[in-house]
Structure formats: C-alpha cells, structure tokens
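Quick caveat: nothing in here was measured; it's all calculated off a predicted structure.
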Amino acid sequence: MNPLRYELVFSDGTGSDLDVVVVERTQLKGAGGHPVYTDATGIIRAEISDRDEVRILASGGHQEPAQTVRARPLPDPDGAPA
C-alpha cells in the first residue's frame, strides 16, 4: 500500500536538495493508476507509484516540469493504516 504522506525532494540534478514539500494522498488516481498526492496549497500535485516513482502533474498554466524529484515516505500520523 502507498503511504498517506511523502516528502518530495526537488533538486537541480547535482544532488543538492533545493526544496522539500510534504504531500498527502488524495482520493484521485493518476494516468498510471497510482494515487495522486498534493501539498496543502494544491499547487504541487504528483502521482507516486508503489515503488516511489514520482510524476509531477500540472496544476495550472506556465508550469515547468521539475527535473529531479525524489519521494521519501513519511510515517503515517497516529499510526493510521496506509
């Protein structure tokens, strides 16, 4: 099962972390059939597979796809089942 939350780590491809955003699972599924996760603002949306593969989804116009994004699973709050 997929975790309820992930940290998405955006980097510039050199390995240095540029930004970390926490996303939570929604009821939506992406084109690949995997859960869609979103941040609190709804701007960052990502489909994350059960192997932690990330595909960033556009949430508006004029967005450039992120070059390197890693997903780090976070523990579920209060021991809630995933």
> Hey, quick one: are Leu74 and Val20 part of the same hydrophobic cluster, counting side-chain heavy atoms closer than 4.5 Å, chains of contacts allowed?
Replying inline: no

>> So which atom in Ser59 and which in Ile43 form the shortest heavy-atom distance, rounded to 0.1 Å?
In response: OG-O, 2.6 Å

> How would you list, by chain and number, every residue that makes a side chain to side chain contact (heavy atoms under 4.5 Å, CB included) with Pro75, sequence neighbours excluded?
Replying inline: none

> Roughly how far, to the nearest 0.5 Å, is CD1 of Ile44 from CG of Asp19?
Replying inline: 8.0 Å

> Under the salt bridge (Lys or Arg N to Asp or Glu O under 4.0 Å) rule, what pairs show up with a residue in residues 2-11, not counting sequence neighbours?
Replying inline: Glu7-Arg72

> Leu57, Ile48: one ILVMFWY side-chain cluster at the under-4.5 Å cut-off?
Replying inline: no

> Who are the side-chain hydrogen bond (donor to acceptor under 3.5 Å, both in side chains) partners of Glu53, not counting sequence neighbours?
Replying inline: Ser49

> When rounded to the nearest 0.5 angstrom, what is the spacing between CG in Asp52 and CZ in Arg70?
Replying inline: 11.0 Å

> If you measure from OG1 on Thr26 to CG on Leu4, what distance do you get to the nearest 0.5 Å?
Replying inline: 11.5 Å

>> A side-chain contact here means heavy atoms from C-beta on lying under 4.5 Å apart; do Lys29 and Pro35 qualify?
In response: yes

> Should Phe10 and Val54 be counted in the same cluster of Ile, Leu, Val, Met, Phe, Trp and Tyr side chains packed under 4.5 Å apart?
Replying inline: yes

> side-chain hydrogen bond (donor to acceptor under 3.5 Å, both in side chains): which pairs involve residues 30-43, sequence neighbours left out?
Replying inline: Asp39-Thr41

>> So which atom in Ala71 and which in Tyr6 form the shortest heavy-atom distance, rounded to 0.1 Å?
In response: CB-CD2, 3.6 Å

